[in-house]
Structures are given as C-alpha cells and as structure tokens.
Amino acid sequence: MCIRDSSSSIYANPDHKLSPVEKIAYKPGSTVLGGTDFGQSLPKGVNPDKVENWAFDSNIIFPNLILHVSNGWFITHSYWPISVNCTYWENKLYMKPAETAGQKMSQEFSKVIARDLARGDLSTLETVQKGLESGALKSMPLSDQEINLRHHYSVVNDLVQRRQKEI
C-alpha cells in the first residue's frame with residue numbers, strides 16, 4: 001500500500017518587485033504573499049530545508065483536503081465531488097487575530113489576494129474541465145511542478161486498479 005498523503009514546500013519568486021500597495025501591506029504584518037511575522041516563529045515542521053525564499057508548505061491529506069501552512073496564516077481547501085464533472089470546493093483562510101490596525105490592514109489585503117488567487121485557480125479548473133469534456137484530449141499531462149497533484153492521481157489510479165482486480 002502506498003503512502004496516500006504528500007507534502008512539499010512552495011518557494012516565493014525572489015525577483016518579484018513589490019507594488020506600492022504590497023509595500024504598504026507588508027510593513028505591519030504577515031500577508032499571504034509575505035511581509036513581517038509580528039513576532040511569530042514558523043510552525044514546527046514547516047520549511048524543513050530552511051530555504052530563504054520559502055513561501056509556504058502544501059500538504060495533501062488524502063482524499064480531499066489541502067492544507068497550506070505559512071508564517072502567520074494557513075489555508076484549507078476541501079473538495080467534495082457532486083458528480084463526474086462537478087465538485088464543491090470549500091476554501092478557508094485562517095490568520096492569527098490582528099493586534100494593531102496595521103496588522104488588520106495586512107490581513108484584509110491577504111483576504112483579497114487569496115480570493116483572487118482562488119478565482120484564478122477556479123477559472124483554470126473550469127476551462128480544463130471543458131477541454132477534457134470536448135473529447136479533443138484523452139488525458140492531460142501535469143507539470144513537474146505539480147508533484148503533490150501527480151502523487152494524488154497516482155494514488156487514485158492505484159486504488160481504482162486494485163478495485164477493478166477485486167471485481
């Protein structure tokens with residue numbers, strides 16, 4: 001039996017140039033894109049390689065939970081299949097309660113960024129689903145950067161093949 005869960009560290013782009021709004025939001029507190037940690041230390045076990053441009057760790061808990069953990073925040077993604085081509089996606093952002101108005105501003109900035117990133121992912125997912133339903137492709141290759149997703153599909157494939165042998 002293979003290990004069903006997986007984890008990987010996601011790195012920030014060291015060449016990213018902060019926008020004026022990002023510079024303001026980063027100063028007083030943690031955001032989903034960076035910033036100060038207002039006295040927090042990293043959760044035990046994250047960023048195991050101690051990489052300087054680390055952004056967050058992505059943990060996949062089979063079969064339907066993704067947990068992104070960073071400095072000052074974490075995000076959960078839960079997926080609930082409804083039909084062969086429809087899934088309910090629950091996305092939640094958690095942050096330590098703000099202690100100052102500046103930290104609250106950083107957190108509000110994070111909510112907007114997290115929402116926009118989720119919408120971008122959702123738009124991509126919907127487009128890929130339409131493409132797969134068109135029948136033009138029989139499969140879709142996954143990027144080497146999608147190591148957790150590749151592992152997840154490998155586990156699902158193994159489980160399906162095992163079940164087919166039982167039938």
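Just so you know, residue 1 is the first one in the sequence shown, and it goes up from there. Model, not experiment: these values are computed from the prediction.
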Which value, rounded to the nearest 0.5 Å, describes the distance between His152 atom NE2 and Asn148 atom CG?
10.5 Å

Spell out, as yes or no, whether a donor-acceptor pair under 3.5 Å connects the side chain of Thr87 to the backbone of Trp89.
no

According to a hydrophobic-cluster definition based on side-chain heavy atoms being under 4.5 Å apart (Ile, Leu, Val, Met, Phe, Trp, Tyr only), do Leu117 and Tyr26 belong together?
yes

So for atom OH, which belongs to Tyr79, do other residues, nucleotides or ligands contribute more than 12 heavy atoms lying within a distance under 6.0 Å?
yes

Between atom CG of Leu149 and atom OG of Ser6, what is the distance when rounded to the nearest 0.5 Å?
9.0 Å

Ser106 side chain to Ala25 main-chain N or O, any donor-acceptor pair under 3.5 Å?
yes

Spacing of OG belonging to Ser154 relative to CG belonging to Leu159, to within rounding of 0.5 Å:
9.5 Å

d(Asn157 CG, Arg162 CZ) to nearest 0.5 Å is 11.0 Å

Heavy atoms only: give me the nearest Ile24-Met105 pair and the separation to one decimal.
O-CE, 3.4 Å

Hydrophobic cluster membership, with links at side-chain heavy-atom distances under 4.5 Å among I/L/V/M/F/W/Y: are Tyr153 and Ile147 in one?
no

Looking only at atom types and distance, does a side-chain atom of Ser123 sit under 3.5 Å from a main-chain N or O of Arg119, one as donor and one as acceptor?
no

Donor-acceptor pair, distance only, cut-off 3.5 Å: does the side chain of Asn53 make one with the backbone of Ala12?
yes

Write down the atom of Phe62, the atom of Val156, and the distance for their closest heavy-atom approach.
CE1-CG2, 3.9 Å

For Ile3 and Val155 the tightest heavy-atom approach is O-CG2, 3.8 Å

Does this structure show an ion pair linking Lys104 with Glu108, if we count only N-O contacts that are shorter than 4.0 Å?
yes

Looking at every non-hydrogen atom in both residues, tell me the closest pair between Met95 and Ser110 and how far apart they are.
CE-OG, 3.7 Å

Judged by atom type as modelled, is there a donor-acceptor pair below 3.5 Å linking the side chain of Asn64 to the main-chain atoms of Ser78?
no

Glu22 versus Phe109, closest heavy-atom pair with distance:
CG-CZ, 3.7 Å

In this structure, would Leu18 and Val32 fall into the same cluster of hydrophobic residues linked by side-chain contacts under 4.5 Å?
yes

Does any part of the side chain of Ile75, heavy atoms only, come nearer than 4.5 Å to the side chain of Phe56, both counted from C-beta?
no

Roughly how far, to the nearest 0.5 Å, is CG of Leu132 from OG1 of Thr127?
11.0 Å

Find out whether His68 and Ile10 are in side-chain contact, i.e. whether some heavy atom of one side chain is under 4.5 Å from a heavy atom of the other.
no

Partner residues of Glu133 under the salt bridge (charged side-chain N to carboxylate O under 4.0 Å, His left out) criterion, sequence neighbours left out:
none

Sub-3.5 Å donor-acceptor pair from the side chain of Ser70 to the main-chain atoms of Ala55, do we have one?
yes

Roughly how far apart are Ser8 OG and Asp57 CG, rounded to 0.5 Å?
7.5 Å

Say whether, by atom type as modelled, one donor and one acceptor occur between the side chain of Asn47 and the main chain of Val51 under 3.5 angstrom.
yes

Is any side-chain heavy atom of Ile167 closer than 4.5 Å to one of Lys165?
no

Can you confirm whether Arg150 sits close enough to Asp144 that some side-chain heavy atom of one is under 4.5 Å from a side-chain heavy atom of the other?
yes

Excluding sequence neighbours, so at least two apart, what forms side chain to side chain contact (heavy atoms under 4.5 Å, CB included) with Thr76?
Leu65, Leu67, Phe74, Lys92, Tyr94

